[in-house]
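The shown structure was predicted, so the numbers you read here are calculated from the model rather than taken from an experiment. Residue numbering restarts at 1 for every chain, and letters A, B, ... go by the order of the sequence lines.
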2 protein chains.
Amino acid sequence: MDVLNGKWKIAIISSICCYGKRRFSDILNDVDGISNRMLSKELKELELNELVKRTILNTQPITVQYELTEHGNTLQTTISNLADWGVVHRKKIVGK
Amino acid sequence: MDVLNGKWKIAIISSICCYGKRRFSDILNDVDGISNRMLSKELKELELNELVKRTILNTQPITVQYELTEHGNTLQTTISNLADWGVVHRKKIVGK
DNA sequence: CTGAATCCAGATGGATACTG
DNA sequence: CAGTATCCATCTGGATTCAG
């Protein structure tokens, strides 16, 4: 069950969870290199997996807010572990 | 730094770490659906990242043994967390 | 602003056959 | 047994454009 496949899922989640609530274009800025096509697609998948909640705000122009669900928060620990490991790993492999 | 990309990395690591040492064809059996082509390729990547150690045994016919490196073992905790989370997740999403 | 649609190149991965 | 090579279908994801 790899819910975190796709090139950007982890970065997206990190961006959202770091700020609590985040608008579409904010995430687009946070995550370097992502296209709106991908952001849209992956957000939709995260929504399907109930990791992310989507709220439409009736502003003008319209904005959409994303935040982690409770369930999404349970991932945070695991993801940060993975991220930490990645940092150590990089040091070990690259810096030798 | 997604070292765990590819469709099978996690399953392969699980197989190896579960048994300690594992031969090529054993892993081929453990991991359901994988082809020798993929197994070979992903093992090579894991080896490059120093997660897995490869030892050629001078038996007849020749066999090759794979085991996790120390560094590979540091992943075990994180992976099993991820796996646990996956199980819970599946229950939550599928079984509602 | 949000996000869906189209187009398209390159990566991924399965089946199979072959070598040492 | 372990691994490589080839062929080929499918998937991924970037660029761009369009719509509400």
Side-chain angles (χ1 to χ4, degrees), chain A residues 1-69 72, chain B residues 1-69 72:
Chain A
M1 258 286 237
D2 220 1
V3 174
L4 301 176
N5 52 2
K7 201 169 171 181
W8 308 100
K9 293 267 181 4
I10 293 185
I12 293 174
I13 293 180
S14 299
S15 164
I16 298 178
C17 96
C18 170
Y19 291 95
K21 307 186 172 187
R22 210 68 179 142
R23 289 179 306 126
F24 187 88
S25 48
D26 289 334
I27 306 176
L28 210 51
N29 273 316
D30 290 343
V31 182
D32 197 61
I34 197 173
S35 62
N36 61 350
R37 181 187 178 283
M38 276 302 112
L39 179 53
S40 174
K41 201 186 91 183
E42 308 228 321
L43 276 172
K44 207 182 291 174
E45 291 173 21
L46 291 173
E47 209 190 332
L48 275 177
N49 281 307
E50 297 180 33
L51 300 180
V52 151
K53 196 173 86 186
R54 182 170 176 272
T55 319
I56 302 178
L57 304 179
N58 276 320
T59 51
Q60 193 50 250
I62 193 174
T63 60
V64 182
Q65 199 171 70
Y66 293 91
E67 55 193 308
L68 292 190
T69 61
Chain B
M1 258 287 236
D2 220 2
V3 174
L4 303 175
N5 51 2
K7 202 170 169 180
W8 309 101
K9 293 268 179 11
I10 292 185
I12 294 174
I13 292 178
S14 300
S15 164
I16 297 177
C17 96
C18 171
Y19 292 95
K21 306 187 173 191
R22 211 67 180 140
R23 290 180 304 127
F24 187 89
S25 48
D26 290 333
I27 306 176
L28 210 49
N29 274 315
D30 292 341
V31 181
D32 195 62
I34 197 172
S35 62
N36 58 353
R37 180 186 178 285
M38 274 302 111
L39 180 54
S40 174
K41 201 185 92 183
E42 308 228 321
L43 275 172
K44 207 180 292 175
E45 290 173 20
L46 291 172
E47 209 190 333
L48 275 177
N49 282 308
E50 296 180 33
L51 301 182
V52 152
K53 196 173 85 186
R54 182 170 175 273
T55 320
I56 302 178
L57 304 178
N58 277 319
T59 51
Q60 192 52 251
I62 191 173
T63 58
V64 180
Q65 200 172 71
Y66 293 90
E67 55 192 309
L68 292 190
T69 61

(message) Quick check: any donor-acceptor pair below 3.5 Å linking the side-chain of Arg37(A) to the base of dT17(D)?
(response)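 Such a pair does not exist between side chain and base.
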(request) For Ile62(A) and for Lys41(A), find the nucleotide of DNA chain C with the closest heavy atom, then tell me which residue's nucleotide is more 5'. (result)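 Its nearest nucleotide being more 5', the pick is Ile62(A).
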(message) When you measure from the side chain of Ser40(A) to the backbone of Asn36(A), do you find a donor-acceptor pair of N or O atoms at a distance under 3.5 Å?
(response)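 Side chain of Ser40(A) to backbone of Asn36(A), a donor-acceptor pair under 3.5 Å: no, none is there.
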(request) List the steps, then state whether salt bridge (charged side-chain N to carboxylate O under 4.0 Å, His left out) holds for Lys9(B) with Glu45(B). (result) CA-CA 9 Å; Lys9(B) 293 268 179 11; Glu45(B) 290 173 20; 2.6 Å; yes
Between [atom2] of [N] and [atom1] of [X], the distance in whole Å:
X        : N       : atom1 : atom2 : result
Ile27(B) : dG3(D)  : CD1   : C1'   : 13 Å
Lys44(A) : dG13(D) : NZ    : P     : 15 Å
Leu39(A) : dT2(C)  : CG    : C1'   : 10 Å
Ile12(B) : dG3(D)  : CD1   : P     : 12 Å
Asp32(B) : dG14(C) : CG    : C1'   : 14 Å
Asn5(A)  : dA11(C) : CG    : C1'   : 15 Å
Asp26(A) : dC1(C)  : CG    : C1'   : 11 Å
Leu43(A) : dG3(C)  : CG    : P     : 8 Å

Please determine if a side-chain N or O atom of [X] lies less than 4.0 Å away from the OP1 or OP2 oxygen of [N].
X        : N       : result
Ser40(A) : dA4(C)  : yes
Tyr66(A) : dG3(C)  : yes
Ser25(A) : dT2(C)  : yes
Lys7(B)  : dG14(C) : yes

(request) Quickly, which of Val52(B), Ile12(B), Ile13(B) forms a side chain to side chain contact (heavy atoms under 4.5 Å, CB included) with Tyr66(B)? Name it, please. (result)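 Looking at Val52(B), Ile12(B), Ile13(B), the match for Tyr66(B) under the side chain to side chain contact (heavy atoms under 4.5 Å, CB included) is Val52(B).
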(message) Rounded at 0.5 Å granularity, tell me how far NZ in Lys41(A) sits from CH2 in Trp8(A).
(response)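 Rounded to the nearest 0.5 Å, the NZ-CH2 separation comes out at 12.0 Å.
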(message) How long is the straight-line distance from CG of Asp30(B) back to CG of Leu39(B), given to the nearest 0.5 Å?
(response)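 That separation rounds to 10.0 Å.
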(request) Tell me which nucleotide among dG3(D), dC1(D), dG3(C) gets nearest to the side chain of Val64(B). (result)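 The closest nucleotide is dG3(D).
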(request) Counting heavy atoms from C-beta on, name the nucleotide in dG3(D), dG13(D), dT2(C) closest to the side chain of Phe24(B). (result)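 Nearest nucleotide to the side chain: dG3(D).
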(message) Heavy atoms only, 4.0 Å cut-off, all strands: where does Gly33(A) land among base, sugar-phosphate and nothing?
(response)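 Answer is nothing: Gly33(A) stays at 4.0 Å or more from every strand.
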(request) Please tell me which of Asn36(B) and Met38(A) maps to the more 5' nucleotide of DNA chain D, matching each residue to the nucleotide holding its nearest heavy atom. (result)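 First, find each residue's nearest nucleotide; the 5'-ward one identifies Asn36(B).
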